[in-house]
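Worksheet: the structure to be examined is printed underneath.
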Amino acid sequence: GCIRGWYVMEDVQEAYQAGVLNEKKYISRYWKEVKVGDFVQLRCNEIIPADILLLSSSDPDGLCHIETANLDGETNLKQRQVVRRFLELVKFDPLKFTSVIECEKPNNDLSRFQGYIVHKSGKKDGLFKENLLLRGCTIRNTEEVAGIVIYAGHETKALLNNNGPRYKRSKLERQMNADVLWCVLILLIMCLFSAIGHGLWVWQYAEKKKPIFDLPGPDGKYLSPVLASVYLFLTVIIVFQVMIPISLYVSIEIVKICQVYFIHQDKDLYDEETDSQLQCRALNITEDLGQVQFIFSDKTGTLTENKMVFRRCTVSGIEYSHDDNGELMIFFFYLTIKATVLCSSVCSCEKDITPDPSLLEKVNECAKHLEVMRSHEQPLSHLSPELCDIFDFFIALTICNTVVVTAPNQPRQKVATSKSMHRFGVLSSTSTDSTLLKLEEKLTYSAQMNNNGYSSQQGRTAVGSGPGEGELRYEAESPDEAALVYAARAYNCSLVGRLSDQVSVELPHLGTLSFEVLHTLGFDSVRKRMSVVVRHPLTDEINVYTKGADSVIMDLLLPCSSDDPWGKHQKKIQSKTQNYLNLYAVDGLRTLCIAKRVLSKEEYACWLKSHLEAESSIENREELLFQSALRIEKNLHLLGATGIEDRLQDGVPETIANLRKAGLQIWVLTGDKQETAVNIAYACKLLDHDEEIITLNAESPETCAVLLEQCLQCVESKFSNTTIDEAAGNMTVGFTPLYPPSSPVLSSLGLVIDGRTLAYALEPTLEDKFLALAKRCRSVLCCRSTPLQKSMVVKLVRDKLKAMTLAIGDGANDVSMIQVADVGVGISGQEGMQAVMASDFAIPRFRHLEKLLLVHGHWCYSRLANMVLYFFYKNAMFVALLFWYQFYCGFSGSSMVDQWYLIFFNLLFSSLPQLITGVLDKDVPAEVLITVPQLYKSGQNMEEYKPHMFWMNMIDAMYQSLVCFFIPYFTYYDSDVDIFSWGTPITTIALFTIMLHLAIETKTWTFLHWSSCIFSILLFFFVALVYNASCPVCHPPSNPYWTMERLMGDPMFYFTCIISPVVALLPRYSIFSHTSESLFQKHPKAEHTTDQTVAASPEGAVLYGENKLPSSASSLERSTGFHEVRHGTSEMESLPVGAAFPWSSAVDQADFSLLKWISSTPLFSRIGTVLQVSSSSLQNEPQDSMCVLGSSLHVDFKGLKEQSSNNLQDKMKGTPADYCKNDNSETTFL
Amino acid sequence: MKNKTSSLPQEGEARPSRCPDNSAFKQQKLPAWKPQLTIAAVLSSFFLTGVFCLSVGVCLIMSANSVREIQIDYSDKCSDCSKLRENSSNWNKECHCSVNFMLKEDILGDVFMYYGLQNFYQNHRRYVISRSDAQLLGRNVNIQKSYCAPFTTYRNGTPMAPCGAIANSMFNDTIDLFYNLNSSVIQVPLLKTGNSWWTDKNVKFRNPKSYNLSSAFAGTARPPYWQKPVYLLDEEDERNNGYVNDDFIIWMRVSAFATFRNLYRRVRRIRQFADGLPAGNYTFHISYNFPVTKFKGRKHVILSTVVWSGGSNPFLGIAYVVSGTAATLTEDI
């Protein structure tokens, strides 16, 4: 590349050994010239050219901010630190660098780097990933950094992560390749046949009686029959090579590119909000979109917006709902639409929080108290515990994070909060109470916002910031963090600056408070929490603020005895909080617990010692730090909890419902916690309230095995009751008919499994059982799954079930799953571009998947399938003509078609119409495909291109070629016709037949179809006339001079050319028209025009589209009709009898579930029969744990159920959470 | 860095919306016609096809039936000659035979005389290409480079004119037709020119330029199987000699099948034969030169009239009738 980096020209070895530098200046060099050991100096906004160890930074704290969007898609800034000992240097001078660096071999782990640096003095320093600047990242907020190159070129972590191009072959192409092999076989058989025929032909003329037309070789000798047949075999391979459809591959590529173009151009796949459209990143798997059977979806950012709205919080056991936030956002959304402010302004939902008045009041009161206290030098303990909690709660919200503060007008510039400014609130906080005022502000400044190029360039936007310098932007690693900081700001507790060792918080009345950050214990997925250790400026106490998942925080709380009133109170608060947390989870909110711990000086000193040891250790550092964090994060004092809403994207439930109707199984694989995931699943109708839900939570492989076995048995027993259904359709899991509950019921199943259980279930011993169970379920929800697990699940389904899989996700954690799946779809949303980069298709919204699959997928598949079959037919039919001729020319390999026609036939004369049809043909209009998603099943079941269809087409090709050969043969039998005067009509007839065949196969005609067909035929005649008139000796050895001209003056030519295609196509046409006739007898006027039109049918007016009750029957017939057309034309077979059955049940079910939905009011009680089996109870009495399926089985299992719930109760540890769970299961049992 | 950030906003502003055009083509909403296969449409299509085919078929059959044709196989009748020709050493011995036949009724109109061959694979791959079009166009070309092998030159280097297997194997029987009228024998006047395609005679074939034909072919030799050199093919007519000889031209147009006929002569419509051939006894006088026994071939001589639809072959008419019937029947089913 030509992007320049700055560095000193100095070889690494020399630097190590000699340590002498002659060059004194940094000079600019190309990236490719950067070598390991070079010293590189980089400026702000430059891209890092190699993996560089940070040795110096212009930042006084030795920090460097980098943006890693190129690597992991995260747009927030990350801090990197200068290697410890170099921090002390006043000015880094590469000339004085004498240390030796040892580090691990190049690897692709972006989140790990280990090594140490040995100084001349012999002292060792550890090197960690915080010291490493990775190639591809961008320097931000730091004026100048310098470092030494550790890995360069292909050894950099970024490039090692680059797995190289993936090659995906579509299912259709794989199927096609098998048939190409058959074509090769047919070719070989034909050649062999010809060779043997020629051998016999030669053999019949004895050696002495060679006929005059059998030529000797140049040496005057005749070939022996065997040798002649060997030569002929090779000759006819060349003559018949058209049989192998090489041009098919070229045509397929062309068609796919055009299909991609049209998918690109689809207006419906354009998202106005983000001004993004669908991107096809893989050009060769468009038709796979039409055959998908399983969809694996991420939740956050895919089903949901990944825009966090602070919805609720509870402090000290008192709940403050912020219900109007959601509504405000909607209101705001409409406002912005009205004001035609595009995308960026809507994204600001995280920031607009209407504070709860009572809580705001309390905060103000608290702040006032504090101010008074501070001015009077009173200790803080005078504050009531509740206010104290509230104060700490907001402090924790504000500082317990890694949010970076940036000023909007200077994007990516760290707010210059020099240390002297901290004590005095120079920076003004403009948060006002009136949000409406804010709204107006926003609308006014929208124009300015558009000017802010950064806002559109970055996913996270600067909207909502006024023109003043005061409005700050927060950049967070996760949207939740930002949402919390914004929420705190709404309560006038705003984060104004963050340095490595200091956080400044502005509070009402108090002004800016600076917290000295002693340690930040970052979030990790094992601990599921993060903590900051700060020195409180008011009390000078050392406080630990912890924020994390409720499940872990609740266990780390200070155990409080129920003896003293304070403990009682705390316990009460805890149980209340837990109740609220459960409620939040039910509402689908993401919950976080906030807790605090006050450390005594001694405790801290003790901990600090071990922590420093851990930090400075070189080996095993991560593990030690983890242990160290565990030591300090205990005995916490619960402050409160928050509930953040992750809103569903538009149209997600409808899309899921429609995709389901299309026979797709949707699995959701999420990293979220189970409760949240389940609730989102309900919200997006992935799980239905009528569904039985199997929940698999196991804590050991053995439990998991037992659990799986039992669930499987239950399911099997249920399924065995309804074997008829099973026989009816293998892929109709989603369409199981819903009978009245009294009869043996097969209600649909949902499976919920958590990450740990999933890990066990994915073990080779259990995966088959897991799959057997999951296959039976209508929907599967995997919670708390890691990226690797996601990809393993996809791989499992793909490999074991041989199913076509689609993975959709938006974040870096979905990349592996996207890559593994047959079709990877990325959502170009909030979390950067990494998923998009890995994907085959990138769509702006989840709802676009519907049209992408149901319409484009179906079209692409049906077009390509038909084109491939047509191609096989076309080549076979043409080659067969040449083959029949061998019977009349002594199998000599001669051809009656002129060589140029042979070349041009596929290339020019017959290529265009099939391409046009392959690109533009629509078997069913888009509107119908959307309204009748069942049509998608034709792709899943490979109905357009079944293995036998190849042979049907071959037989048809043989018949047609026989007709096209023998009609002219007998017509010109024993006449004075010459070889080309006879071959040219054959070519013409073949062309006509092939065109008319295509015409029968074409479902809709546009002017392009017409013109391409007419053009091709005219082109043939034009080329033939010109070629035959051009010159008499130009084309040796064939010499068809004036043949076409003469033929066109001969009426017999026309009569032959008319009758042959008619006879050749009569069978196909009559079968085609008969199947359609039978259709049209049912629906005399099936006019599929547009959406939900009222079409006349024998029964009367029919409203079709949505499966409304009165119209369901006829709309069903209608859909069968479509099915039939396609079926009949492509397969030459009549409609499968059972085709109507699953659809009718689908319709019935839709109606039924609608009624049920209306009748079921309480949300929670209808979750289904969820049974949580704790591992302990399982191990004690494994026979008691069971899954409960189907209301018919309830009676039998009632006793068992009670037993097991008692069991559960016995095993209770007394936490409110478990009580709640128990309540939950009881309500569902009864 | 400063200027970098300031340039960004303009980019953001100037960027047009990426929304795709709402054109019918791009949205795949071009006005389309879906064939409406109503019963009426399908039935009428079958019916019309049937009626059309039937009527064309009847016309074709009628016209084919109007063709008068007589075909005489003379390979057996001249068995002596054929035996003689089996031995190639007798190539220069003349052999004549005559074949009598009787026309029961007049053949009116233009009467064409064909010779027919069976089992002669003129369409053999290597045979078909064994010719030099450039040589036949009168150009002085190096035929060594053509496809003529092995019939290019003699061992001594003398090139063959014309070269190639097609020319070498030219049909060289001469057939004369005599009308036996009241014990007098009248030779039927036959036209030996105007039988080939005009383009062949005038464009594709030309003699080499020289003051006379024999000098034009000086330095060349006749093909091995020929009895006389190419410039003696028709000594009577300068314009029918050499490469532009009609018999030669017709032979060079290789037939499509192993059984074929080539136009040999046309009856000149003068005197008794002004209306065609009257009924009566005729005799073919054949100079038998062309050996066919080697490949079990047969030779015919054919007298036929010609109509607009070609010869007497009724196949196409029958095909039309059958498919017309089939179409009509399909409609009923």
Side-chain angles (χ1 to χ4, degrees), chain A residues 44-45 205 209 211-216 218 220 262 265-267 270 275-277 411 450-454 456 888-890 892-894 896 967 970-979 982 1003-1006 1032-1033 1036-1037 1039 1041-1042 1051-1052 1055-1056 1059 1062-1063 1066 1070 1073 1076-1077 1080, chain B residues 1 4-5 8-9 11-13 17-20 22 26-28 30 32-34 37-39 42 49 120-130 133-134 137 147 149-150 165 169 199 203-204 253-259 261-263 294-295 308-311 313 315-316 319-320 323 330:
Chain A
C44 190
N45 291 335
Y205 304 110
K209 292 166 101 180
I212 198 165
F213 44 81
D214 189 13
L215 307 193
F262 279 117
Q265 292 299 327
D266 193 335
K267 192 162 56 65
Y270 168 78
D275 188 32
S276 56
Q277 71 201 74
N450 281 350
N451 278 338
N452 189 344
Y454 241 97
S456 50
Y888 297 94
C889 67
S892 63
S894 113
M896 69 294 195
I967 286 183
F970 286 117
T971 305
Y972 287 101
Y973 178 73
D974 192 21
S975 70
D976 58 347
V977 71
D978 70 281
I979 187 164
W982 186 74
K1003 278 99 188 178
T1004 45
W1005 288 80
T1006 66
V1033 291
N1039 194 342
Y1041 189 72
W1042 219 250
M1052 288 303 275
F1055 283 122
T1056 327
I1059 189 69
V1062 169
V1063 175
L1066 208 61
S1070 59
S1073 57
S1076 4
E1077 260 172 46
F1080 283 95
Chain B
M1 189 205 80
K4 211 170 193 175
T5 46
L8 281 169
E11 265 176 46
E13 202 176 23
S17 164
R18 269 182 269 174
C19 183
N22 190 10
K26 288 186 176 177
Q27 300 305 318
Q28 303 193 56
L30 286 172
W33 172 73
K34 198 174 170 74
L37 290 166
T38 58
I39 296 174
V42 170
T49 316
F120 190 93
Y121 284 88
Q122 236 195 340
N123 53 11
H124 189 280
R125 184 176 57 86
R126 285 192 294 140
Y127 181 88
V128 169
I129 61 171
S130 183
D133 284 316
L137 207 55
Y147 295 87
S169 62
T199 48
V203 183
K204 272 175 80 174
R253 184 162 282 281
V254 293
S255 71
F257 304 107
T259 300
R261 59 174 70 172
N262 275 344
L263 185 57
K294 263 190 191 172
F295 51 87
W308 60 274
S309 64
N313 189 347
F315 173 77
L316 198 62
Y320 266 93
S323 51
T330 322

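Order of the sequence lines fixes the chain letters, A, B, ..., with proteins taken first and strands second; residue numbering starts at 1 for each chain.
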Determine, for B/Asp133 against B/Lys204, whether the closest basic-nitrogen to carboxylate-oxygen distance falls under 4.0 angstrom.
->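 Result for this pair is no, no salt bridge flagged.
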A/Asp214-B/Tyr121 side chain donor-acceptor pair, cut-off 3.5 Å =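 There is no such pair between these side chains.
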Counting only non-hydrogen atoms closer than 4.5 Å, does [X] touch chain A with its backbone (N, CA, C, O), its side chain (CB onward), both, or neither?
X: B/Asn313; value: side chain
X: B/Phe295; value: both
X: B/Phe120; value: both
X: B/Gln28; value: both
X: B/Leu137; value: side chain

As an exercise: rank [options] by heavy-atom pairs under 4.5 Å with chain A and give me the winner.
options: B/Leu316, B/Val128, B/Ile129; answer: B/Leu316
options: B/Thr259, B/Asn262, B/Val203; answer: B/Val203
options: B/Ala258, B/Ser309, B/Ala165; answer: B/Ser309
options: B/Trp308, B/Tyr127, B/Phe315; answer: B/Phe315

As an exercise: rank [options] by heavy-atom pairs under 4.5 Å with chain B and give me the winner.
options: A/Thr1006, A/Thr971, A/Thr1004; result: A/Thr971
options: A/Ser276, A/Gly890, A/Pro1051, A/Ser975; result: A/Ser975
options: A/Tyr1041, A/Tyr973, A/Tyr972, A/Tyr205; result: A/Tyr1041

Side-chain donor/acceptor of [X] to backbone N/O of [Y], under 3.5 Å:
X: A/Asp978; Y: B/Arg253; answer: no
X: B/Gln27; Y: A/Lys267; answer: yes
X: B/Gln122; Y: B/Val254; answer: no
X: B/Arg261; Y: A/Asp976; answer: no

Could you check whether the rings of B/Trp33 and A/Trp1005 sit parallel, tilted or perpendicular, using 30° and 60° as the cut-offs?
->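 Plane angle between 30° and 60°, so tilted.
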Which atoms of [X] come close to chain B, meaning under 4.5 Å heavy atom to heavy atom: side chain ones, backbone ones, both, or neither?
X: A/Trp1042; value: both
X: A/Leu1066; value: side chain
X: A/Val977; value: both

Looking at [atom1] of [X] and [atom2] of [Y], how far apart are the two atoms once the value is rounded to the nearest 0.5 Å?
X: A/Cys889; Y: A/Met896; atom1: SG; atom2: CE; value: 9.0 Å
X: B/Arg125; Y: A/Ser894; atom1: CZ; atom2: OG; value: 8.5 Å
X: A/Ile967; Y: A/Ile1059; atom1: CD1; atom2: CD1; value: 6.0 Å

